[in-house]
**Student:** 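Quick one: structure below, then a few questions.
Start at 1 and go down the list; that is how both ligands and their atoms are numbered. Fair warning: this is a prediction, and the values are worked out from it, not measured in the lab.
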Amino acid sequence: MNSVYIGLGSNLSKPQKQLNNALQSLSALPSSQLIQCSHFYISQPMGPKDQPDYVNAVALIETKLQPLDLLKCTQEIELLQGRERKENRWGPRTLDLDILLYGNQQITLPNLVIPHYGLKKREFVLYPLFEIAQELTLPCGEKLSKLVDLCPKNGLRAIELK
Ligand code: ROI
């Protein structure tokens, strides 16, 4: 089994519902188990500001799926939840699933780079990840706690559970 952290993000079509649906789908992946998910967080859009705030979270799964098979599955979930190909790179989206970390592996393929390139700088990835993995050290040897200390929160806040 491999421990894999997945970043979830949405800012269209009821973002919290999108994340809940995605977690449901992740929990149903073959040869996998959903172990944990962070709180949901409201975050300011990175990129153009003329789009709604995002809801972000990070989930931990244990899986026997190989990285590219897992990528195929996460892309399928994105498409099932109305992700459109025409969405521009920095524009709003119904669902983003990013494979952030796959065990301690470093992977560089044309369609898959792990650790995810945004991981070290993005508050909406670092803080939810830190919530569920306080002792984590990245494959490059850097401590997650150090990266979090260096990263401004930018107004990021956990959504209150009702
Ligand atoms: N901004 C935030 N806050 N959260 C995201 O998940 C997110 N995803 C994106 C871009 C457009 C870069 N901005 C984001 O893809």
**Student:** Could you tell me whether the side chain of S32 and the main chain of P30 form a donor-acceptor pair under 3.5 Å?
**Tutor:** yes
**Student:** Who's the nearest protein heavy-atom neighbour of atom 1 (N) of ligand 1, and how far?
**Tutor:**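 Atom 1 (N) of ligand 1 sits closest to the protein heavy atom M46 N, 3.0 Å.
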**Student:** For the side chain of S31 and the backbone of L65, is there at least one donor-acceptor N/O pair under 3.5 Å apart?
**Tutor:**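 Pair absent, no side-chain N/O of S31 close to backbone of L65.
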**Student:** Under a 4.5 Å cut-off applied to non-hydrogen side-chain atoms, are R93 and Y54 in contact?
**Tutor:**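 Yes, at least one pair of side-chain atoms sits under 4.5 Å.
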**Student:** Do R122 and ligand 1 have an N or O pair less than 3.5 Å apart?
**Tutor:** no
**Student:** Are any of the side-chain heavy atoms of Y5 and I132 separated by less than 4.5 Å?
**Tutor:**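 When only atoms from C-beta onward are counted, I132 and Y5 do touch, with a gap below 4.5 Å.
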**Student:** For atom 6 (O) of ligand 1, what is the closest protein heavy atom, and at what distance to 0.1 Å?
**Tutor:**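 Here the closest protein heavy atom is N56 ND2, 2.8 Å.
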**Student:** State the atoms of ligand 1, each with its element, that fall below the 4.0 Å cut-off from a heavy-atom position in W90.
**Tutor:** 11 (C), 12 (C)
**Student:** Give the intermediate values and the outcome of side-chain contact (heavy atoms from CB on, under 4.5 Å) for residues L129 and L119.
**Tutor:** CA-CA 9 Å; L129 178 60; L119 170 62; 3.6 Å; yes
**Student:** Would you check the N or O atoms of S43, main chain and side chain alike, for any that come under 3.5 Å of an N or O of ligand 1?
**Tutor:** yes
**Student:** Just which atoms of ligand 1 are under 4.0 Å from any heavy atom in R93?
**Tutor:**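 Those of ligand 1 that fall under 4.0 Å from R93 are 15 (O).
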**Student:** Please test Q81 against N21 for side chain to side chain donor-acceptor pair (under 3.5 Å), starting from the C-alpha separation and ending with a verdict.
**Tutor:** CA-CA 8 Å; Q81 292 191 215; N21 287 348; 5.1 Å; no
**Student:** For atom 15 (O) of ligand 1, tell me which residue out of I42, L95, D96 has the closest non-hydrogen atom.
**Tutor:** D96
**Student:** Test of understanding: with side chain to side chain contact (heavy atoms under 4.5 Å, CB included), list the residues that count as partners of K143, not counting sequence neighbours.
**Tutor:**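 With sequence neighbours excluded, K143 shows a side chain to side chain contact (heavy atoms under 4.5 Å, CB included) to T137, S145, K146, given in chain and number order.
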**Student:** Report, in ascending order of atom number, the atoms of ligand 1 lying under 4.0 Å from any heavy atom of P45.
**Tutor:**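 Taking each heavy atom of P45 in turn, ligand 1 has 1 (N), 3 (N) under 4.0 Å.
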**Student:** Which is it for F124 and ligand 1 at heavy atoms under 4.0 Å: side chain, backbone, both or neither?
**Tutor:**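 F124 to ligand 1: side-chain contact only, backbone stays beyond 4.0 Å.
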